[in-house]
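Per chain, numbering begins at 1; letters A, B, ... match sequence-line order. Worth saying up front: this structure is predicted, and the values here are computed from it rather than measured.
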Number of protein chains: 2
Amino acid sequence: MKSLPLHIEIDPAFYCKNPDSTELGRKIITYSIDMIDKLGFEAFTFRKLAKSIGSTESSIYRYFENKHALLAYLFCWYWSWKEYQLVFATNNLEDPGTKLKEAIRILTEEVTEDSSVSYINEVTLHRIIIAESAKVYLTKAVDTENEKGYFRVYKRVVSRVGSFALELNPDYEFPHMLVSTIIEGSHAQRFFSDHLPSLTDTETGKQNIVRFYTEMTFKTIAR
Amino acid sequence: MKSLPLHIEIDPAFYCKNPDSTELGRKIITYSIDMIDKLGFEAFTFRKLAKSIGSTESSIYRYFENKHALLAYLFCWYWSWKEYQLVFATNNLEDPGTKLKEAIRILTEEVTEDSSVSYINEVTLHRIIIAESAKVYLTKAVDTENEKGYFRVYKRVVSRVGSFALELNPDYEFPHMLVSTIIEGSHAQRFFSDHLPSLTDTETGKQNIVRFYTEMTFKTIAR
DNA sequence: GCAAATATAATAGTAATGCTATCATTTTTA
DNA sequence: TAAAAATGATAGCATTACTATTATATTTGC
């Protein structure tokens with residue numbers, strides 16, 4: 001992915017005070033990405049975060065209602081970033097097959113370069129998305145949060161890539177199921193690859209996850 | 001599924017004291033399934049569980065180290081039950097295609113009948129598996145727990161169904177990835193169907209999830 | 001350059017969670 | 001029927017997930 005001066009704006013529903021607007025806010029994002037990655041979401045607390053930043057719990061609460069809202073913010077940021085990549089990479093492509101292939105690559109490949117935004121480490125963020133993002137929606141609050149628009153960007157990504165599949169085969173019945181399977185499936189595979197390798201078939205350097213989901217998709221939607 | 005007097009034995013690694021061996025233990029299982037379903041895993045506590053059973057926190061701690069271990073127990077029980085169903089339904093089948101089709105049905109269809117074990121409600125348990133089971137492995141403790149054998153049964157299921165796929169096409173490169181995608185994917189689809197329907201394509205009574213994963217699988221492994 | 005507004009830090013406090021420990025009382029079993 | 005085992009009652013403690021108050025910086029608008 002190209003390194004461009006990129007600015008991602010997040011819907012105010014995700015925060016009390018925009019973390020992108022102040023030094024402390026940006027520090028909260030930078031350090032929380034690091035801490036969630038290191039401690040895991042359960043052991044991560046605002047108290048620990050405050051201590052590592054050299055600030056206080058109450059200051060952090062001015063930016064986010066609680067740690068779940070912060071995770072949702074990161075989730076939204078990640079999908080806004082992916083959406084941007086998708087648009088950028090497919091805008092000028094004519095052939096629907098190439099477009100879909102590019103999209104699957106963007107959704108399933110490893111993130112290895114930290115480039116786009118100065119205070120956000122995309123490589124670490126991707127690891128958090130793999131290990132923690134299901135926790136954003138696997139809660140009893142999912143319906144309320146859905147109403148607040150927490151999943152709007154994610155849905156837009158699924159819908160966009162689903163429409164690429166429909167360009168190839170307008171009769172295909174399950175485009176959303178296909179795309180959300182690719183996304184959630186590939187995250188699971190990356191996690192399994194690191195921790196429960198017998199549940200997957202990855203081999204170093206062979207891009208098997210990208211290959212599997214690409215082949216699966218094209219065979220599945222073929223008429 | 002047939003209603004048989006079924007006994008599922010769970011590896012002692014999952015508990016301090018076998019809940020299947022006493023009245024209180026069985027009550028813990030029955031009520032915890034209910035409470036986790038109603039409150040969600042985060043809001044579920046041993047204190048609340050004890051109160052609803054009419055027992056005490058310390059008594060419950062004699063059976064399970066903590067609520068995460070209890071969830072892991074339920075996860076293991078569920079997969080042992082599914083493994084039994086898989087063996088039972090495919091044992092006498094000759095045709096590899098039929099076997100694989102049956103297996104996918106068992107892995108992806110809704111659980112609507114509560115039958116096998118008196119004190120375990122399989123319908124509710126299935127809802128818990130859909131909404132909470134990822135939390136069993138999405139933790140920092142996953143590697144330690146893997147060493148303790150927490151995922152042995154789940155792996156065996158993936159390996160068994162993977163081998164059905166290989167019977168159909170011995171050259172297929174990604175059998176484990178395929179099966180774990182079917183399992184994790186179909187759970188996500190059932191959750192999305194209830195809470196984020198635009199991420200899936202379900203229609204009442206049409207068994208779209210089973211159909212999607214069946215078609216996907218056969219097309220994907222076709223030579 | 002200074003007052004007013006705003007943001008942050010420091011500190012305290014509270015209810016709930018996630019345990020552990022002790023001891024009394026049942027219940028089981030040998 | 002005595003000993004062993006399981007359960008219940010009670011207490012306690014460190015941590016979590018907040019909320020509130022006040023003091024101190026920092027920004028900004030005039």
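- As a whole-Å value, the separation of Phe44(B) CZ from dC19(C) C1' is 15 Å.
- Residue whose closest nucleotide on DNA chain D sits further toward the 5' end, between Gly25(B) and Arg47(B): Gly25(B).
- Here Tyr61(A) lies in heavy-atom contact (under 4.0 Å) with a base.
- Between Ile60(B) atom CD1 and dA21(C) atom P the separation is 18 Å, expressed in whole Å.
- Put simply, CG on Leu39(A) is 14 Å from C1' on dT15(D), counting in whole angstrom units.
- Environment of CZ in Arg152(A): sparse, with no more than 12 heavy atoms of neighbouring residues, nucleotides or ligands closer than 6.0 Å.
- Remark: Ser55(A) is in phosphate contact with dA9(C), judged by side-chain N or O atoms under 4.0 Å from OP1 or OP2.
- Taking the six-membered ring wherever Trp is involved, the centroid distance between the rings of Phe192(A) and Tyr137(B) falls below 6.0 Å.
- Atom CD in Glu57(A) sits roughly 12 Å away from atom C1' in dG13(C) (whole-Å rounding).
- Within the nucleic acid shown, Ser58(A) comes within 4.0 Å of at least one base atom, counting heavy atoms only.
- We find that NZ of Lys17(B) is positioned 4 Å from P of dA6(D), with the value rounded to whole Å.
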May I have the step-by-step check of side chain to side chain donor-acceptor pair (under 3.5 Å) for His68(B) and Glu145(B), ending in yes or no? CA-CA 11 Å; His68(B) 188 259; Glu145(B) 293 181 349; 3.2 Å; yes
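- Inter-residue side-chain proximity for Lys67(B) and Ile36(B) is flagged as unmet; no heavy-atom pair is nearer than 4.5 Å.
- For Thr56(B), whose side chain is taken as the heavy atoms from C-beta onward, the closest listed nucleotide among dT16(D), dG8(D), dA9(C) is dG8(D).
- The NZ-P distance, from Lys67(B) to dC19(C), rounds to 9 Å in whole Å.
- Within the nucleic acid shown, Tyr63(A) comes within 4.0 Å of sugar-phosphate atoms alone, with no base atom in reach, counting heavy atoms only.
- Residue Asn66(B) has its side chain nearest to dC19(C) when only dG18(C), dT8(C), dC19(C) are considered.
- Atom NZ in Lys51(A) sits about 15 Å away from atom C1' in dA10(C), given to the nearest Å.
- Under the 3.5 Å distance criterion, with hydrogens and angles disregarded, no donor-acceptor pair is assigned to the side chains of Ser186(B) and Thr108(B).
- Look at CG on Leu24(A): it is 13 Å from C1' on dT26(D), rounded to the nearest Å.
- Here Ser59(B) lies in heavy-atom contact (under 4.0 Å) with a base.
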